[in-house]
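Take a look at the structure below.
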Amino acid sequence: MTKRPPKPRTPVKDVQNVRLPARTTAASQPKAEPRSAHPHENLDRASRAAVAYLSAGVSPNAFIQAWSDWALHLARAPGRQLELAERAQENMAKLMAQSLLPSTEGAPAFEPKPYDHRFRHPGWEKPPFRNLQQGFLAVQDWWDYATDHLRGLRPDDADRTRFMARQILDLWSPSNFPALNPEIIEATRKSQGKNLGEGARNFVHDFVNTFAQIHEPAPEGFQIGKDLACTPGEVVFRNDLFELIQYAPATAEVQAEPVLIVPAWIMKYYILDLSPHNSMVRYLVEQGFTVFMISWCNPTAEQAELSLEDYREHGVIAALDAVNAILPERKVHAVGYCLGGTILSIAAATMARDKDERLASISLMAAQVDFAEAGELLLFLDESQVAFLEDMMWEKGYLDRPQMARAFSAIRSEDLIYSRGVRRYWLGKEDLPTDMGVWVSDTTRMPARMHSEYLRGLFLENRLSAGRFAVAGRVIALKDIAVPIFAVGTETDHIAPWKSVYKTQLFTDGDMTFVLTSGGHNSGIVNEPGLERGHHRIAHRPAGALYVGPDAWLAKNAPQPGSWWPAWTTWLKEKSSGVVPPPGMGAPEKGLAPIMAAPGSYVHQT
């Protein structure tokens, strides 16, 4: 079998003939595939790709190695074995003592984790279901203890083993079985079995949609452009990679410096423009800012050769050029969310290196620049796993939506997979639509080349914080960024853990304000004012100050009630030069005439 030639690179093209300021960096060049000395390598790749689809994209080598490492080290640790035997005896004694007490007396010996909602039904407090629940939680407690870090055991393998043990336990939870779940028994008795019929219909519907990869339209009341992503504006620039939305002003005067938002391309942009009441974009506009938003395309196989450099140059920098063409001589407040914050950091460090001073400030929301503690989403990331995903993408030219959705769901499988399955398939209940839920299900694809580059260069090799990340053949350094930074981490983030986000303070020297807010990766960022729930901590680090570790920072900064958005907009205004009349939409005289109304067309790509 001969080696398949590399796919032709699709250049990024502007839809309009736009004259923008010339850039100092060269366009990214296609990377030539190395010539293989193994003539049948493509057969190997096709075989691994087939296995990847069956294993949901997880390399078997990764979990076999983790289990082997854990088992071998445990076999050589008689002390830990003795501890595990004692732990099992203690848990058994607790269960036996509790079984002798009436169900109304005494606190349960074992409590579910805070995010575990499987045992909330009152029926779980009565025997025999209480015994089933407590027995399951006792086993879960033992496995958590058994997979704790062990001297000599690689920490990554300990975490992987714990994650896999949790996945296996979640599969066999008594809440998943109709005869063992009091909620299912009660629902079946009350409805005379109708819930099972409705559940079967839901299962067939989901199975067909998953198998055929059918993308369902948003439910009534959650239409994109009408109910979600509905802040008024116009698409003022478009190329093959993104559309640039300029939002209409809502105040008589606006801050002179506009805001450019760079969302993650791993999902659609409208997480930051959800319903009118919790839209960050609408809030910024109402606070008197001129806001621009990048809306990334949903790549196809023809765009497999899009690179990480394309997302920087033809994405972030092209958007900044367009904003500068519309508002010349104005610096820009750049905002990045998740991976959008990572690519913004790369762009900002490159601009600093090249003496490009067009940024007024940088805001990074749940965005990492160091990936040594990248969270559970990348728990199994190693050379074997990256090669596995590369072979999987080699077949199609992109990482498909189901693989992305399964990866996110596995992080909280007890809630996002099993609790949802019980509701839909055994209780016969439809999912109640929410704006966040509609956004989560609106997944996107990842171009093969770009996905491989950021997995290898950022997550696997951690080049950015190590000073080994090159742009246009020259290394960039985060410490070169001199503009003020506003960074936000969220307390329960399992994708970008807050202590990982906090490391931005370690790799930069300039003026920085750091916020730690309650909530997770999405809910902590979409945290509009006016809610009674939630809190945040905030502190300022002046330029040149000594580094303070995350635990010390947490201890000395007390939580404040409410949203962090008002503190952020106050900070943005302090970094602005004053108010001016609102600008017009686009710049028709420069080829940037409005193309269509927001939210544009790319957000509807499936």
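Values reported hereafter were calculated over all heavy atoms of this structure, with side chains retained and with hydrogens, waters and symmetry mates removed.
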Q: Dump the intermediate steps for side-chain contact (heavy atoms from CB on, under 4.5 Å) on Phe222 and Asp435, then the final yes or no.
A: CA-CA 6 Å; Phe222 296 91; Asp435 49 11; 4.3 Å; yes
Q: Step by step, work out the side-chain contact (heavy atoms from CB on, under 4.5 Å) result for Gln140 and Phe110.
A: CA-CA 10 Å; Gln140 186 180 67; Phe110 302 95; over 6 Å; no
(Q) Suppose we screen for side chain to side chain contact (heavy atoms under 4.5 Å, CB included). Which residues come up paired with Glu186, at least two apart in sequence or across chains? (A) His121, Arg189, Lys190
Q: Taking atom types as modelled, find out whether Thr444 and Trp296 have a side-chain donor-acceptor pair closer than 3.5 angstrom.
A: no
Q) Can any side-chain N or O of Asp69 pair as donor or acceptor with the backbone N or O of Leu153 at less than 3.5 Å? A) no
Q) So, does Gln368 use its side chain to make a donor-acceptor pair with the main chain of Thr342 at under 3.5 Å? A) no
Q | Side chain to side chain, Leu339 and Ile343, heavy atoms closer than 4.5 Å | A | no
Q. Is Thr508 close to Val369 at the side-chain level, that is, under 4.5 Å between some pair of heavy atoms?
A. no
Q. Should Pro263 and Met293 count as side-chain neighbours, where that means a heavy-atom distance under 4.5 Å?
A. yes
Q | Exceeds 12 heavy-atom contacts within 6.0 angstrom, atom CG of Leu432 | A | no
Q) For the residue pair Leu427 and Ala187, what are the closest heavy atoms and their distance? A) CD2-CB, 3.8 Å
Q: Work out which heavy atom in Tyr270 is nearest to a heavy atom in Val438; give both atom names and the distance.
A: OH-O, 3.8 Å
Q: Evaluate the ring planes of Trp565 and Tyr283, with Trp represented by its six-membered ring, and classify them as parallel (under 30°), tilted (30 to 60°) or perpendicular (over 60°).
A: tilted
**Q.** Residues in side chain to side chain contact (heavy atoms under 4.5 Å, CB included) contact with Leu554, at least two apart in sequence or another chain
**A.** Trp498, Leu516, Arg537
Q.
If the condition is salt bridge (charged side-chain N to carboxylate O under 4.0 Å, His left out), which residues does Asp391 pass it with, not counting sequence neighbours?
A. Arg45, Arg48
Q: Answer yes or no: is there a side-chain heavy-atom contact under 4.5 Å between Thr513 and Ile538?
A: yes
Q | Any donor-acceptor N/O pair, Gln505 side chain to Val548 backbone, under 3.5 Å | A | no
Q.
Under a 4.0 Å threshold between the charged nitrogen and the carboxylate oxygen, would Glu83 count as salt-bridged to Arg80?
A. yes
Q: Kindly say whether Val281 contributes a backbone atom to a donor-acceptor pair with the side chain of Asp273 at under 3.5 angstrom?
A: no
Q: Please report the closest heavy-atom contact between Met393 and Ser452, naming both atoms and the distance.
A: CE-N, 4.1 Å
Q | Side-chain ion pair, Asp144 and Lys113, N-O less than 4.0 Å | A | yes
Q.
My understanding is that only residues two or more places apart in sequence, or in another chain, count here; which of them pass salt bridge (charged side-chain N to carboxylate O under 4.0 Å, His left out) with Arg463?
A. Glu461
Hey, can you pull the donor-acceptor pairs under 3.5 Å for the side chains in residues 523-531, sequence neighbours left out?
residue, atom, partner, partner atom, Å
Ser523, OG, Gly520, N, 2.9
Asn527, ND2, Thr517, OG1, 3.4

Q: Could you tell me whether the side chain of Ser173 and the main chain of Asp170 form a donor-acceptor pair under 3.5 Å?
A: no
Q: Sort out for me which residue in Asn176, Asn195, Asp206 forms a side chain to side chain donor-acceptor pair (under 3.5 Å) with Tyr425.
A: Asp206
Q.
Between Thr492 and Gly519 (side chain of the first, backbone of the second, donor and acceptor by atom type, cut-off under 3.5 Å), is there such a pair?
A. yes
Q | Salt-bridge present (Lys429, Glu198; N to O < 4.0 Å) | A | no
Q: Quick one: which residue pairs count as a salt bridge (Lys or Arg N to Asp or Glu O under 4.0 Å) with a foot in residues 174-185, not counting sequence neighbours?
A: none
Q. Taking C-beta and beyond as the side chain, do Met365 and Thr490 meet within less than 4.5 Å on heavy atoms?
A. no
Q) Hey, what do you get for CG (Leu95) to CG (Leu137), rounding to the nearest 0.5 Å? A) 9.5 Å
Q) Between Ser500 and Ala496, is there a donor-acceptor pair closer than 3.5 Å when you use the side chain of the first and the backbone of the second? A) no
Q: Begin with the C-alpha distance, continue with both residues' side-chain angles, and end with the deciding distance and a verdict on side-chain contact (heavy atoms from CB on, under 4.5 Å) for Leu284 and Val335.
A: CA-CA 12 Å; Leu284 285 170; Val335 180; 5.8 Å; no
(Q) Within the 3.5 Å criterion, strictly below it, is a donor on Asp370 or Asn462 matched to an acceptor on the partner's side chain? (A) yes
Q) Run the side-chain contact (heavy atoms from CB on, under 4.5 Å) check on Gln134 and Lys94 step by step: do they pass? A) CA-CA 10 Å; Gln134 287 292 292; Lys94 290 178 182 178; over 6 Å; no
Q. Around Tyr547, counting heavy atoms of other residues, nucleotides and ligands shown, do more than 12 lie under 6.0 Å from its OH?
A. yes
Q) Which pair of non-hydrogen atoms, one from Leu228 and one from Ser275, has the smallest distance, and what is that distance? A) CD2-OG, 3.5 Å
Q: Quick one: closest heavy-atom pair of Thr443 and Val440, and the distance?
A: CG2-O, 3.5 Å
Q: Apply side chain to side chain donor-acceptor pair (under 3.5 Å) to Gln223 and list each qualifying residue two or more places apart in sequence or on a separate chain.
A: none
Q: Quick one: list whatever passes side chain to side chain donor-acceptor pair (under 3.5 Å) with Asn61, sequence neighbours left out.
A: none
Q. Would you call Leu455 and Leu460 a side-chain contact if the rule is heavy atoms closer than 4.5 Å?
A. no
Q: Mind jotting down which residue pairs meet the salt bridge (Lys or Arg N to Asp or Glu O under 4.0 Å) criterion with at least one end in residues 515-527? Sequence neighbours excluded, please.
A: none
Q.
Please enumerate all residues that pass ring-ring contact (aromatic ring centres under 6.0 Å, His included) together with Trp426, with sequence neighbours excluded.
A. none
Q.
With ring-ring contact (aromatic ring centres under 6.0 Å, His included) as the test, pick out the partner of Trp70 among Phe163, Phe63, Trp143.
A. Trp143
Q) Can any side-chain N or O of Thr504 pair as donor or acceptor with the backbone N or O of Val501 at less than 3.5 Å? A) yes
Q | Closest heavy-atom pair and its distance - Phe507, Leu478 | A | O-CB, 3.5 Å
Q.
Strictly by ring-ring contact (aromatic ring centres under 6.0 Å, His included), give each pair with a member in residues 513-536 just once, sequence neighbours left out.
A. Tyr337-His521, Tyr502-Phe514, Phe514-Trp553
Q: Would you mind reporting whether Ser345 and Leu364 have side-chain heavy atoms less than 4.5 Å apart?
A: yes
Q) Is the backbone N or O of Arg445 less than 3.5 Å from a side-chain atom of Asn298, with the two atoms forming a donor-acceptor pair by type? A) yes
**Q.** Any side-chain heavy-atom pair of Trp124 and Asn181 under 4.5 Å
**A.** yes
Q) Is the CD atom of Glu86 crowded by more than 12 outside heavy atoms at less than 6.0 Å? A) yes
Q: Compute the centroid of each ring, for Trp568 and then for Trp571, and state whether the two points are separated by less than 6.0 Å.
A: no
Q: Using salt bridge (charged side-chain N to carboxylate O under 4.0 Å, His left out) as the criterion, list what pairs up with Arg154, not counting sequence neighbours.
A: Asp156, Asp157
